[in-house]
Each structure stands twice: as structure tokens, then as C-alpha cells.
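One structure below.
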Number of protein chains: 4
Amino acid sequence: MTEAARKEPGAGGRPRSEEARAAVLHAVDDLLLEVGYAGVTMKGIAERARVSRQTVYRWWSTKAEVLFEASVNDAAAELAVEPTDDPLADLTAYLEALVRFLAHSPAGAAYRALIGEAQGDPAVAALLATKDVLGDSARAVVRRAVGEGRGKLPLDQATALLIGPTFFWVLSGRDPGRLVARERAEAYLHEVRAGEIMGTA
Amino acid sequence: MTEAARKEPGAGGRPRSEEARAAVLHAVDDLLLEVGYAGVTMKGIAERARVSRQTVYRWWSTKAEVLFEASVNDAAAELAVEPTDDPLADLTAYLEALVRFLAHSPAGAAYRALIGEAQGDPAVAALLATKDVLGDSARAVVRRAVGEGRGKLPLDQATALLIGPTFFWVLSGRDPGRLVARERAEAYLHEVRAGEIMGTA
Amino acid sequence: MTEAARKEPGAGGRPRSEEARAAVLHAVDDLLLEVGYAGVTMKGIAERARVSRQTVYRWWSTKAEVLFEASVNDAAAELAVEPTDDPLADLTAYLEALVRFLAHSPAGAAYRALIGEAQGDPAVAALLATKDVLGDSARAVVRRAVGEGRGKLPLDQATALLIGPTFFWVLSGRDPGRLVARERAEAYLHEVRAGEIMGTA
Amino acid sequence: MTEAARKEPGAGGRPRSEEARAAVLHAVDDLLLEVGYAGVTMKGIAERARVSRQTVYRWWSTKAEVLFEASVNDAAAELAVEPTDDPLADLTAYLEALVRFLAHSPAGAAYRALIGEAQGDPAVAALLATKDVLGDSARAVVRRAVGEGRGKLPLDQATALLIGPTFFWVLSGRDPGRLVARERAEAYLHEVRAGEIMGTA
DNA sequence: TTTTAATCGAGACGGTACGTCGAGTCTTGAC
DNA sequence: GTCAAGACTCGACGTACCGTCTCGATTAAAA
């Protein structure tokens with residue numbers, strides 16, 4: 001449904017079946033792993049969830065919406081890192097979580113597929129724009145590690161610097177095992193802190 | 001066509017129509033702009049190219065293949081930068097070309113769509129792996145700018161560092177106008193050269 | 001409602017809303033004219049009558065039942081002819097009423113549609129068998145005009161002789177304007193009276 | 001297809017599968033008997049004929065068209081009577097064939113259903129108007145029996161007089177076993193011949 | 001006066017057919 | 001052997017109506 005149960009209008013009527021909602025979200029998770037994004041269909045989701053096709057369409061209009069709702073909570077959870085007093089450790093933990101999410105987590109696979117679909121489908125792009133999972137999670141970490149506004153670099157560009165290389169690495173099909181989070185975190189910290197002084201980037 | 005015109009088998013027979021081939025590649029370019037990646041279909045390509053459906057299938061098996069062939073040459077051309085003696089200028093020029101390609105060029109739109117499709121479709125991933133347009137173009141620039149193997153950072157990770165932030169920025173739907181190539185190039189140069197000494201990367 | 005308001009079971013309870021009943025019958029009449037029999041749906045009836053779907057189903061189980069109840073009273077009224085002392089005049093008046101009913105009246109359109117539905121749907125056939133509107137109206141006229149049992153022809157066959165040609169004419173889509181009731185009435189009278197003597201038909 | 005294979009345009013292309021055409025017509029015949037007109041669906045026809053749904057829609061746009069094509073040939077055959085020199089015998093034979101057709105033949109069941117559907121669906125009415133199976137067959141018999149234009153009664157009204165009573169009898173669900181063709185034929189002959197002299201009907 | 005019970009509206013539910021579309025394949029005749 | 005044309009099977013699309021099922025809110029007669 002994208003935005004959780006709106007039940008204002010009228011008031012009357014049979015209430016939405018929470019069971020059906022859960023079954024659909026569960027089904028789409030399973031299907032993504034089994035048949036891949038391209039193989040997921042609204043029909044397939046409905047059948048797997050033992051739910052009528054109409055019920056799926058009633059609450060989500062595309063498979064992208066179902067996937068988004070199914071994965072966005074998992075995504076936020078998997079990308080959250082417990083803050084410590086050590087910025088380097090935080091950054092390292094975040095980069096490790098990022099690789100794990102993008103390259104190995106089911107929620108990450110869903111997210112990659114959505115990012116992909118968004119490249120050729122404006123509707124999906126708009127959907128993704130409603131919640132910037134990656135950006136939000138990174139911003140929290142970066143803000144703690146380097147402080148906001150202390151460098152000349154806007155916060156969102158600083159996060160792009162952090163996320164970008166890993167993002168490209170995974171999406172372009174390179175081996176995620178070859179990434180070393182610790183080194184990247186050190187270099188990143190060095191770079192953005194230099195930016196504070198040099199005023200470059 | 002994926003594998004260039006093979007003319008070995010048998011002997012006689014009508015030769016492949018170069019006219020048809022060009023018409024297909026042309027049509028797919030047009031269609032991409034008009035209806036977007038999701039709207040492109042094999043049927044649509046054939047009709048637009050005034051070519052029979054069978055003819056398209058004879059030479060390409062998926063729309064991804066047609067798009068790939070139609071855009072890969074343009075892509076390489078658009079990402080090539082004339083080498084100068086100034087590494088900073090080269091890097092800056094490359095980053096500008098990269099933004100132009102990813103965010104504004106038709107070939108780039110096709111490439112983004114293909115990268116996207118690859119996230120959920122292994123066949124497309126394999127297709128893209130046959131020619132690493134982005135990596136190749138960046139490698140050439142990076143090699144000239146910092147020298148190969150002089151840092152501890154492997155070359156392909158150094159290129160990921162260069163491409164990644166921009167790649168993420170554009171694919172996540174952020175405004176490409178806010179990227180400043182010059183600053184990024186300076187910071188990049190600073191970082192990878194520090195890596196040579198610090199051995200971090 | 002098919003079987004008039006039964007109020008036996010239990011005891012208390014909210015009484016049936018006569019308003020709702022009338023609204024439904026009214027709605028089905030309107031809809032039949034606007035969208036035709038095929039276009040009438042239970043859903044459409046409910047919405048048009050500003051009544052819940054369940055309420056329609058509570059009292060009628062198919063659209064045929066609603067239509068039947070909505071049209072049967074009108075039908076009987078439209079087919080009733082005031083008896084005079086002149087059999088020929090009675091028959092003529094009846095045939096005129098029959099054409100008017102079958103070819104031009106809304107109730108007749110409903111009746112034709114029901115007869116039609118009955119050809120392929122035994123449930124509708126059974127429904128129609130509960131009240132032979134056409135036969136009843138004709139029987140009354142024929143009985144007065146020629147007397148019952150005076151010919152060898154059973155009464156219902158004599159009525160079929162009267163109704164049949166017009167019935168076929170209209171249902172097979174022929175122009176009702178070309179029927180001349182007076183001539184048909186004369187011939188009919190001649191034929192059935194001959195039957196009394198000849199003992200043939 | 002309603003009008004047999006049109007193969008003029010273009011010339012190229014795979015020819016229509018006669019096998020598929022026959023399978024569809026056969027399937028709809030079977031289905032009509034098994035599940036009744038209301039139970040016949042385009043989906044059901046396609047599945048029963050082991051043919052794709054698209055193929056059915058390619059040549060017929062509604063189930064009425066399929067049924068019409070499937071039954072019209074049988075209908076004409078079943079209603080044809082071998083002319084003799086005895087008008088009374090011809091008429092009797094025709095009336096017997098008519099009862100057999102309307103009340104007992106599969107083609108007749110289809111025809112009744114189509115007539116029925118036509119009452120509430122103008123498209124079906126138009127379809128039926130393209131070929132007046134009942135009228136054509138009766139006209140041939142009546143013309144031979146009484147001569148055309150010898151009475152004041154137009155030929156098609158004379159045929160309505162012949163067909164009508166039986167038509168009404170069967171369509172209103174009355175027992176076809178109670179009809180006696182011979183008596184009806186005699187009365188009919190008597191009536192229309194009287195009409196020649198009396199100039200009534 | 002409180003139950004009690006059947007009504008009402010609204011609207012979600014599982015089904016199933018609708019008619020369309022794209023994917024690939026196959027079958028012609030012409031080149 | 002390629003080409004245009006176009007019929008073929010298959011399966012998903014998104015919509016519509018089916019008939020059933022909860023809901024909360026009425027509305028009267030029975031307790």
C-alpha cells in the first residue's frame with residue numbers, strides 16, 4: 001500500500017485483512033529469491049500468497065510497490081549501525097553492512113532490482129524517491145563521523161562519496177569479496193577531513 | 001548482433017540485409033527516447049524498423065542485446081577523453097563526460113537501463129560482462145593520471161572510486177546539475193596519490 | 001422478491017425497507033433502458049438504487065428475478081383488454097396490445113430478454129414457468145371469443161395460434177409496423193371457428 | 001469468422017489453420033450441450049479446442065459469432081424438406097422438421113440461444129439478421145405450397161403464420177410432444193387459401 | 001427499558017472470465 | 001538462406017462482476 005492502512009473514508013465496510021497483507025509481502029520475498037525480479041508477476045504473487053489477484057491490485061498497483069514495501073523495513077534495519085565513539089569503526093561497520101545488504105541480502109536484491117527498474121520507469125523512480133533508504137542510513141553515519149557542515153562538501157555529496165564506490169562495484173557485477181571496508185573507511189575519513197581544511201571536496 | 005556477421009555456414013543463400021540491421025539499431029534508439037526502456041518491445045522494434053519480427057530474432061535474441069549493440073559504440077565514444085599532459089584536466093574532463101553520458105545521453109539512458117535490468121536478470125548481467133564500457137574508459141584515464149600499480153589500490157578499485165559517487169548520484173535519481181567535476185577530480189587525485197604513500201587507498 | 005415478504009422467522013428484527021425494495025425495482029427498469037439487458041448487472045443495480053449489494057442479494061438471487069418482478073405487473077396490465085361484446089374487436093385489441101407490449105414497452109423488452117435467457121438457462125426457464133403472463137392474457141381473450149373446448153383444439157394451442165405469429169415476428173427482429181392486427185384477428189376467428197366444425201385445428 | 005476465410009490482403013503470411021477453425025466450431029458444439037449457452041465462454045471454447053485464446057478472438061469476436069457459424073449450416077440442412085407434389089405433405093414435413101430442430105436438435109438449441117441473446121444485445125440481433133435461417137427455409141416451402149403473391153398476404157407474413165405458433169410453443173417452454181404437425185398443416189393450408197379468396201389474411 | 005434479532009450501508013474477500021498485449025515460433029511465397 | 005507477412009501457442013496484463021463475508025449502525029418488537 002506504500003502508505004500504511006488508510007481507513008478514514010466512510011468508516012463502514014469490512015476491514016482490511018492483515019493476514020492477506022502479510023501473505024502478499026511474504027510471497028513476494030520468496031518469489032524474488034526463487035525466480036528473480038524479472039520472473040515475479042502480480043499473478044504469481046497472488047497465487048503464491050493464496051490471495052485473489054484483485055486483492056493485490058487493491059493495495060498495490062505494481063510489483064514494484066509490493067517489493068518496495070516488502071523490503072524497505074528490512075533494508076533500514078540491515079543498514080543501521082549501532083553508534084560507537086569511534087568514527088572509523090562506525091564507518092567500517094557501515095560499509096560492511098552496505099556490502100552485505102547490496103550483495104547478499106534478499107532485501108538488497110529487491111532494492112537493486114528496484115533501482116534498476118527505476119532507470120527505465122519513471123513511476124518506479126518516483127516510488128523510490130519517497131524513501132531514500134540508502135541515503136538516510138549513510139547520512140546518519142556520516143553526520144556522526146565528520147559532523148555536518150564542517151566541510152565544504154554538502155552532506156548528501158559526502159554520503160555519495162561513501163556509498164558510491166561500493167554501489168558501483170556491486171551493481172556492475174564485480175566480486176564483493178574483494179572490497180575491504182576498513183581501508184575504504186580510513187581513506188574516506190582522510191578525504192572528507194582534508195576537505196574540511198582544503199575546502200575542496 | 002552480439003557476434004558479428006558470421007558468413008561461414010553452407011554457401012549460397014540470400015546475404016544478410018545490412019539495411020535491415022541498421023534499421024533495427026536505429027529504431028531501437030528512437031524508441032528508447034520515445035517510450036522509454038520499459039516501453040520498448042521486440043514487436044515494436046520490428047514494426048518501427050519496417051522489418052519482420054523473425055528478422056530481429058534471427059540476429060538478436062532479446063531487446064537487451066539490441067540495445068546493447070545499439071548503445072555500446074556511442075557509449076565508448078562519449079566516454080573517451082583526449083589525453084593531455086595534465087592529469088587533473090583529464091580527470092575533470094572524464095567526470096564531465098561521465099555525467100553527460102549517464103544523465104543526459106540517449107546511449108547513457110540505454111546503459112543505465114541495461115545495468116538495471118542486469119540486477120534482476122542474470123542473462124543481461126552476463127551480456128554486460130562481455131564489455132565493461134564504464135570500467136574500460138575510466139581505466140584508461142586513471143592509468144595515465146596516477147600510474148598503474150603505484151598505489152596499493154588495485155586499478156579497478158581505483159576506477160570504482162572515481163566512477164562510483166557519480167554513478168550512485170545519477171542512478172539514485174539525484175540532480176546531476178549539482179555535481180562539480182573539478183572539485184571531485186582534485187579530491188580524487190589527492191586521495192589516490194595519498195594512497196600511494198600511505199598504502200591505504 | 002419472488003415470494004412475498006415473509007415475516008415468520010424468529011420474531012424481532014428490523015423490518016424490510018420498502019424504500020430499498022422500490023429503489024431496486026425502479027433502478028432495474030431504468031438500467032434496462034439505458035444499457036440493455038446484457039449490460040444490467042447486480043452490482044450496477046445496487047449502485048443505481050443506492051443500496052448495498054447484499055441487500056439486493058438478500059431478496060433476489062439473480063438479475064432475472066429482479067427483472068421478472070419488476071416487469072410482470074406491468075406486463076399483465078399492458079396485456080389486459082377490456083372485454084366487449086364483439087369478439088373480433090377483443091381479438092384486434094389484444095393483438096394490438098401484444099405488439100405494443102413486445103415491440104415497444106419497457107416491460108416487454110424485459111420480458112423478451114427473459115424469454116431469451118430462458119433458452120440457455122434452465123433456472124430462468126423455471127422462473128418464467130411460475131407465471132405465464134402471455135398465455136394467461138391470451139387465454140382470457142380466446143376463451144371469450146370462441147368459447148372453451150368447443151373446437152377440437154386445446155385452449156393453449158389456440159392461444160399459441162394467436163400469439164405465435166406476432167411473437168415470432170417481433171423476436172426475429174422483423175418490423176412490427178408491418179403487422180395489421182385487424183386482418184390477423186379476422187383470419188384467426190375464421191380459422192378457429194372452422195376448426196369447431198371441421199375438427200381439424 | 002462469419003464470412004469464410006478472406007485471404008486477399010498482402011498475400012504473404014502463414015495461412016490460417018483449418019484444423020484450428022474446425023476444432024473451435026466442434027468445441028462450441030460440444031460445450032453448448034454440456035454446459036448450456038450461459039456456461040459457454042470464450043476461454044472455455046479455446047481450452048476445449050486446444051487452441052489459444054488469441055486464435056479464437058482473431059476470427060470471431062464473441063461467442064455468439066462462433067455459435068452462429070457452428071450452427072447455421074446444420075440448421076439449414078435440418079430445415080430443408082425434399083419437395084413432393086403434395087403441398088400438404090410438404091408442409092407437414094416442414095413443421096415436423098421445425099419442431100425437431102427447435103426442440104431437439106443441438107443446432108436448434110444454439111439457434112434458440114442466439115435468438116434469445118439477440119433480444120437484449122443488438123450486436124447479436126445484427127448478426128442474426130445476416131442470415132434468416134428460419135425464414136428462408138419456410139419461404140421455400142410456403143412458396144411451393146400456396147404460390148407467391150396469390151394471396152393478399154405478403155410471403156413473409158405467411159411464413160410467420162406457419163412458423164410462429166410452433167416457435168412460440170417451444171420458446172415459451174411448452175411440451176413439443178403435444179404438437180401435431182399434420183393438423184396444423186391442414187389448418188394452415190385452409191387458412192392461407194381462404195385468404196386468397198377472402199383477401200383477408 | 002433493556003435486550004434481541006434482522007435489517008441497512010459499506011466495502012474487502014476469493015474467484016473467474018474478460019479482451020489485449022508481448023514473447024517467441026512456425027509456415028508461407030518471393031527474392 | 002534471407003526476407004516480409006502474419007498465424008500460431010503461451011502466459012501475464014489490469015478490469016469487471018460474481019456471490020460471500022465481515023464490519024458498525026439502525027430499528028423495531030419481545031422480554
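Since the model is a prediction, treat every value here as computed from it, not as a measurement. So you know, we letter chains A, B, ... as the sequences are listed, proteins then strands, and number each from 1. No hydrogens, no waters, no symmetry mates; every other heavy atom, side chains included, goes into these values.
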Practice task
State whether D:E69 and D:R21 are salt-bridged, where the test is any N-O pair (Lys NZ or Arg NE/NH1/NH2 against Asp/Glu carboxylate O) under 4.0 Å.
Solution key: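 Here D:E69 pairs with D:R21 in a salt bridge, since their nearest N and O are under 4.0 Å apart.
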Problem - Distance under 6.0 Å and angle within 45° of ring axis: A:R16 vs A:W59 - result: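 Judged by the rule, A:R16 and A:W59 form a cation-pi pair.
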To the nearest Å, give me how far apart [atom1] ([X]) and [atom2] ([N]) are.
X	N	atom1	atom2	answer
C:E18	F:dA28	CD	C1'	16 Å
A:E19	F:dC21	CD	P	16 Å
A:R14	E:dC8	CZ	P	20 Å
D:R48	E:dA17	CZ	C1'	18 Å
C:M42	E:dA10	CE	C1'	17 Å
B:K63	E:dG24	NZ	P	10 Å
B:R21	F:dC3	CZ	C1'	17 Å
A:W60	F:dC13	CH2	P	15 Å

Problem - Closest-nucleotide 5' rank along DNA chain E - winner of D:R53 and B:Q54 - result: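 Whichever sits nearer the 5' end wins; that is D:R53.
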Problem - Residue mapping more 5' on DNA chain E - nearest nucleotide basis, B:Y57 or A:T55 - result: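 Of the two residues, A:T55 wins.
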Practice task
By nearest nucleotide on DNA chain F, pick out whichever of A:S61 and D:V51 is the more 5' one.
Solution key: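 Residue closer to the 5' terminus by nearest nucleotide: D:V51.
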Problem - A:T41 vs D:A20, nearer the 5' end of DNA chain F by closest nucleotide - result: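 The residue closer to the strand's 5' end, by nearest nucleotide, is D:A20.
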Exercise for the section: Report yes or no: does D:K63 contribute a side-chain atom to a donor-acceptor pair with the main-chain N or O of D:V40 at less than 3.5 Å? Expected result: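 Indeed, once roles are kept as given, a pair shorter than 3.5 Å links the two residues.
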Could you list the donor-acceptor pairs under 3.5 angstrom formed between side-chain atoms of residues 106-129 of chain A and any protein atom two or more places apart in sequence or on another chain?
{"residue": "A:R112", "atom": "NE", "partner": "A:L102", "partner atom": "O", "Å": "2.8"}
{"residue": "A:R112", "atom": "NH1", "partner": "B:Q119", "partner atom": "OE1", "Å": "3.0"}
{"residue": "A:Q119", "atom": "OE1", "partner": "B:R112", "partner atom": "NH1", "Å": "3.0"}
{"residue": "A:Q119", "atom": "NE2", "partner": "A:I115", "partner atom": "O", "Å": "3.0"}
{"residue": "A:Q119", "atom": "NE2", "partner": "B:L171", "partner atom": "O", "Å": "2.8"}
{"residue": "A:D121", "atom": "OD1", "partner": "A:A123", "partner atom": "N", "Å": "2.9"}

Practice task
Return no unless some side-chain N or O of B:R58 is found under 4.0 Å from OP1 or OP2 of F:dC3.
Solution key: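 Yes, such a contact exists.
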Handout entry: E:dC8 OP1/OP2 closer than 4.0 Å to side-chain N/O of C:W59
Key =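 So the side chain of C:W59 is within the cut-off, an N or O lying under 4.0 Å from OP1 or OP2 of E:dC8.
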Practice task
Please determine which of A:V24, A:D30, A:V28 meets the side-chain contact (heavy atoms from CB on, under 4.5 Å) test together with A:R48.
Solution key: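 Single pass found, and it is A:D30.
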Practice task
Give one of base, sugar-phosphate or nothing for C:S52, where a contact means two heavy atoms less than 4.0 Å apart.
Solution key: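 Answer is base: heavy atoms of C:S52 come under 4.0 Å of a base.
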Exercise for the section: Indicate, with a heavy-atom threshold strictly under 4.0 Å, whether A:S17 touches base, sugar-phosphate, or nothing. Expected result: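 A:S17: backbone/sugar contact only, no base atoms under 4.0 Å.
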